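What follows is a single structure, written as structure tokens, with notes after it.
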Amino acid sequence: MNVLLGVSGGIAAYKTPDLVRRLRDAGHDVRTILTTNATRFVSPLSIAAVSAHGVITDQWGDPSRGGVDHVELARWADVLLIAPATANTIAKLATGIADDALSTYAVAHRGRVILAPAMNSFMLDHVTVRHNLRILEDRGIEVIEPDTGLLACGDEGRGRLPDPEVIIARLQSRNVVGRDLEGIRILITAGPTREAIDPVRYMTNRSSGRMGYALAEAASRRGASVILVSGPVEIAPPVDVRVERVTSASEMRDAVIALAPEQDAVIMAAAVADFTPEVVSGSKIKKDAHERFSIDFVKAPDIVSELAALKPRPGVVVAFAAETNDLENNAKSKLAAKGVDLVVGNDVSRTDIGFDSPDNEVVIVGRDGDLTRLGKASKREIAHAILDQTRALLNQRRTPSREEHTVG
Ligand code: PMT
């Protein structure tokens with residue numbers, strides 16, 4: 001493949017000579033454009049040495065040789081890969097600004113574009129950056145999810161440039177997310193609930209909301225109209241998603257039951273309390289008044305069971321099963337007990353998946369006994385796989401049976 005590598009000015013630019021070398025090892029021809037800021041982090045000479053081509057750093061090129069021919073370059077390149085893609089370059093691409101060699105080339109390029117954003121998590125989560133990425137993804141530009149780990153600034157978080165193998169695997173796959181959920185309405189729940197004990201104390205759980213938010217973001221990117229009913233979490237809501245914020249299990253129940261009849265599918269990723277204090281003290285429980293005290297808990301509303309029994313009911317209802325042992329059998333039992341169409345089981349005793357982790361590993365159980373095991377992957381990838389199965393069920397239900405076709 002002819003790969004035009006665009007390098008913009010982030011610290012991760014220093015990794016690009018290795019990326020170029022590995023791209024060439026994988027059989028690709030690589031030409032490179034560096035922004036002026038990228039040249040602060042990596043020398044054009046080191047990239048030229050490994051790519052066996054000159055490196056473009058100036059929009060105007062060498063006037064004595066006729067400058068840079070963007071159109072000729074665009075004819076040559078099969079793919080424009082920008083790694084690392086900084087907030088500035090992402091913004092230029094989203095708005096069509098063409099004021100340097102890379103952004104000018106991007107406007108001339110007609111083929112596939114892949115971005116590998118890399119920056120500090122605060123920047124990555126900024127509404128402008130997320131909005132610009134969303135604009136680009138809606139145009140069909142592929143965005144490789146940044147890695148999580150130690151960042152150049154010393155912070156821990158999301159924003160690292162993925163390893164060259166991940167970037168090259170994406171380049172070599174043609175697995176582009178399409179808008180196959182257009183016209184579908186999906187309600188997704190996310191996060192924990194908080195069950196009040198008194199005005200200052202509550203009972204909750206370790207859910208961060210990441211799984212549900214990943215589902216909402218993925219569904220929205222695929223064109224679905226998404227409502228996210230969210231418990232209290234600290235992550236920013238996805239763009240173009242209606243968010244209904246709730247606190248307790250009973251508030252989540254009211255929101256879900258009110259909105260569900262109009263939905264094609266509901267996915268319950270929230271970690272809803274199973275029990276709630278029977279009596280909530282109206283004033284702060286004073287420690288001096290008790291040597292010990294106990295709280296009576298009663299069952300919280302079982303939202304997903306109520307939802308599955310609604311008439312009319314959403315076409316597809318998906319429950320999660322948070323288990324610490326015997327995952328598959330417990331997921332199968334929940335499918336039957338709750339009357340849902342799919343159950344996504346995950347092991348919440350592990351620290352590398354499940355609660356408050358960027359990754360998950362799940363088993364998806366269907367009514368027909370089908371069982372899909374998904375190895376450890378980002379919650380975003382798991383979300384897409386769950387949506388694939390949800391969409392397949394919706395399609396089955398929308399396809400009229402043979403009897404319905406028979407007339408007279
Ligand atoms: O939020 P993260 O940090 O990303 O973590 C993700 C997750 C671990 C929370 C998620 O993947 C998950 O497993 N969510 C379901 C958690 C849960 O409550 O599981 P459960 O097995 O206790 O409940 C089964 C199903 O019934 C779930 O779909 C749940 O939403 C639903 N439920 C539970 C209790 C209740 N009162 N009403 C419900 O509808």
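Nothing here was measured: the structure is a model prediction, and the numbers come from that model. Counting starts at 1 for both ligands and their atoms, following the listed order.
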How far does CG of L374 sit from CD1 of I364, to the nearest 0.5 angstrom?
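Here the interatomic distance stands at 4.5 Å.
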To the nearest 0.5 Å, how far apart are CZ in F320 and CE in M211?
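Separation between the atoms: 4.5 Å.
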Using a cut-off of 6.0 Å, state whether more than 12 heavy atoms not belonging to L150 lie near its atom CG.
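For L150, atom CG is crowded (more than 12 foreign heavy atoms under 6.0 Å).
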Among the heavy atoms of [X], does any lie under 4.0 Å from an atom of ligand 1?
X	value
A273	yes
A249	no
K379	yes

Nearest-neighbour protein heavy atom for [atom], which is reported as residue plus atom name and distance:
atom	result
atom 39 (O) of ligand 1	V304 N, 2.8 Å
atom 11 (O) of ligand 1	N346 OD1, 2.5 Å
atom 34 (C) of ligand 1	D274 OD1, 3.2 Å
atom 25 (C) of ligand 1	F320 O, 3.0 Å
atom 30 (O) of ligand 1	A270 O, 2.7 Å
atom 2 (P) of ligand 1	S208 OG, 3.4 Å
atom 37 (N) of ligand 1	I303 N, 3.2 Å
atom 20 (P) of ligand 1	K334 NZ, 3.7 Å

With backbone taken as N, CA, C and O and side chain as the heavy atoms from C-beta onward, which portion of [X] lies under 4.0 Å from ligand 1: side chain, backbone, both, or neither?
X	answer
L307	neither
A269	backbone
P301	backbone

State the atoms of ligand 1, each with its element, that fall below the 4.0 Å cut-off from a heavy-atom position in G209.
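Listed by number with element: 1 (O), 2 (P), 3 (O).
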Any salt bridge linking [X] with [Y]? Criterion: basic side-chain nitrogen under 4.0 Å from a carboxylate oxygen.
X	Y	answer
E137	R134	no
D180	R222	yes
E145	R158	yes
D264	R397	no
R201	D198	yes

Give a yes-or-no answer on whether the side chains of S51 and H53 include a donor-acceptor pair shorter than 3.5 Å.
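Per modelled atom types, S51 and H53 side chains form no pair under 3.5 Å.
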Quiz question: by atom type and distance under 3.5 Å, do the side chains of Y202 and S248 form a donor-acceptor pair?
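No.
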